[in-house]
Number of protein chains: 2
Amino acid sequence: MDETQALKALSALSDGTRLRMLRFLVQAGADGAAAGEIGAAVGSSPSRSSFHLAALAASGLVRPERVSRRVIYRVDFAALGGLMGYLIEDCCGGHPAVRACCAPTGTEKG
Amino acid sequence: MDETQALKALSALSDGTRLRMLRFLVQAGADGAAAGEIGAAVGSSPSRSSFHLAALAASGLVRPERVSRRVIYRVDFAALGGLMGYLIEDCCGGHPAVRACCAPTGTEKG
DNA sequence: TCCATATTTCAACCATACTTGAATCGTTGA
DNA sequence: TCAACGATTCAAGTATGGTTGAAATATGGA
């Protein structure tokens, strides 16, 4: 993950519709979800959904796969992890206060 | 950290100039750095620097403090950690593949 | 072939964000 | 008060991004 790729991913996530789409796809897990299903879940029209899903796919955070009439989108967890790793290591320098919020318990909320 | 605040922070980080500013401020640590120094470090004009630093401050990721003629900016590591925690827990559902990239060693790059 | 479903693409419009250069504000020291 | 310094604000222009609705593409079934 380099800066250019990180900027693409951050830009993709800085939109409410796309952030909700990603959350929905994370919950969907390995099965993924069809474009129409995702759009319905986040309340966006077909063309809007297509636009935003294309942006997410271009950022590398999700991947499309055509299955019959549908296009199934799945989260690329490795890419998502790569973005987190870049932010924590390269941008935050692995600062303890940042790393603390990534601990499995997740109860040390500031 | 709620979705609105996360979107502000992600939006702030989705710009190359601001991302480099944050990295510079992380390296500066608790001492922080003056606006002019930050601008010089990332190669942006005074007005541009002021604009972008204001955006970072509005997002809560950095905090300004006037010291004599200068304005010292410092990273709010708790806010940064809050953003990471939100992304990992609320958006990524604490998925193992994501969490793996936050491990202290940072060698399990995908 | 014809029709229905699922998704994407396109053009037009609107809104927001970025850049630039000059002007302004606040502080320091003479 | 004046001049110099550091930072911000303002106005104007440019660029990018989002929304909408209609049209187009691709697949599946009769």
Side-chain angles (χ1 to χ4, degrees), chain A residues 3-25 28 31-76, chain B residues 3-25 28 31-76:
Chain A
E3 187 189 284
T4 302
Q5 194 61 26
L7 283 173
K8 274 193 205 168
L10 288 167
S11 191
L13 294 184
S14 63
D15 176 274
T17 300
R18 289 196 292 266
L19 193 58
R20 285 189 286 278
M21 282 176 157
L22 186 78
R23 290 171 72 167
F24 180 75
L25 283 177
D31 291 341
E37 189 183 352
I38 301 168
V42 306
S44 84
S45 69
S47 73
R48 244 178 103 196
S49 300
S50 184
F51 171 80
H52 286 301
L53 284 169
L56 279 173
S59 77
L61 294 176
V62 307
R63 295 197 307 181
E65 181 196 3
R66 158 128 354 224
V67 176
S68 177
R69 274 187 279 208
R70 316 190 174 179
V71 175
I72 305 297
Y73 285 87
R74 292 184 182 85
V75 172
D76 186 331
Chain B
E3 188 188 283
T4 302
Q5 193 63 24
L7 283 173
K8 275 193 204 168
L10 288 167
S11 192
L13 293 184
S14 64
D15 175 274
T17 298
R18 290 195 291 264
L19 193 59
R20 285 189 287 277
M21 282 176 157
L22 187 78
R23 290 171 74 167
F24 179 75
L25 284 176
D31 291 340
E37 189 183 353
I38 302 167
V42 306
S44 85
S45 68
S47 72
R48 240 179 105 197
S49 300
S50 185
F51 171 79
H52 286 301
L53 284 169
L56 279 172
S59 77
L61 294 176
V62 308
R63 295 196 306 182
E65 180 197 2
R66 160 136 339 233
V67 176
S68 177
R69 273 186 279 208
R70 316 190 173 180
V71 176
I72 305 297
Y73 285 87
R74 291 184 184 83
V75 172
D76 187 331

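Chain letters run A, B, ... following the sequence lines, proteins first, then strands; residues in each count from 1.
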Show which side-chain atoms of residues 9-19 of chain A pair as donor or acceptor with protein atoms under 3.5 Å away, not counting sequence neighbours.
residue	atom	partner	partner atom	Å
A/Ser14	OG	A/Ser11	O	2.8
A/Asp15	OD1	A/Thr17	N	2.9
A/Asp15	OD1	A/Arg18	N	3.1
A/Thr17	OG1	A/Arg48	NH2	3.3
A/Arg18	NE	A/Ala12	O	2.6
A/Arg18	NH1	A/His52	ND1	3.0
A/Arg18	NH2	A/Ser11	O	3.2

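Between the side chain of B/Ser50 and the backbone N or O of B/Pro46 there is no donor-acceptor pair closer than 3.5 Å.
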Does A/Ile38 form a side chain to side chain contact (heavy atoms under 4.5 Å, CB included) with A/Leu53? I'd like the steps, not just the answer. CA-CA 9 Å; A/Ile38 301 168; A/Leu53 284 169; 4.0 Å; yes
Nucleotides 2-16 of chain D: protein proximity per nucleotide (B base, S sugar-phosphate only, - neither; heavy atom, under 4.0 Å): --BBSSBB-------
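Looking at which nucleotide of DNA chain D each of A/Thr17 and A/Val67 is closest to, the 5′-most match is held by A/Thr17.
Considering every non-hydrogen atom in both B/Met21 and B/Ser44, the closest pair reads CE-OG, 4.1 Å. Taking every heavy atom of both residues into account, A/Pro64 and A/Val71 meet most closely at CB-CG1, 3.8 Å.
Within the 4.5 Å cutoff, side-chain heavy atoms of A/Val62 are placed close to those of A/Leu25.
Here the range on DNA chain C touched by chain B, meaning any atom under 4.0 Å from one of its heavy atoms, is C/dC18 to C/dT28.
Annotation: side chain to side chain donor-acceptor pair (under 3.5 Å) contacts involving residues 55-73 of chain A, sequence neighbours excluded, comprise A/Glu65-A/Arg74.
The bend of the helix from C/dT1-D/dA30 to C/dA30-D/dT1, defined by the angle between the axes of its first five and last five pairs, stands at 20° to the nearest 10°.
In this structure B/Glu3 satisfies the salt bridge (Lys or Arg N to Asp or Glu O under 4.0 Å) test together with A/Arg20, A/Arg23, sequence neighbours excluded.
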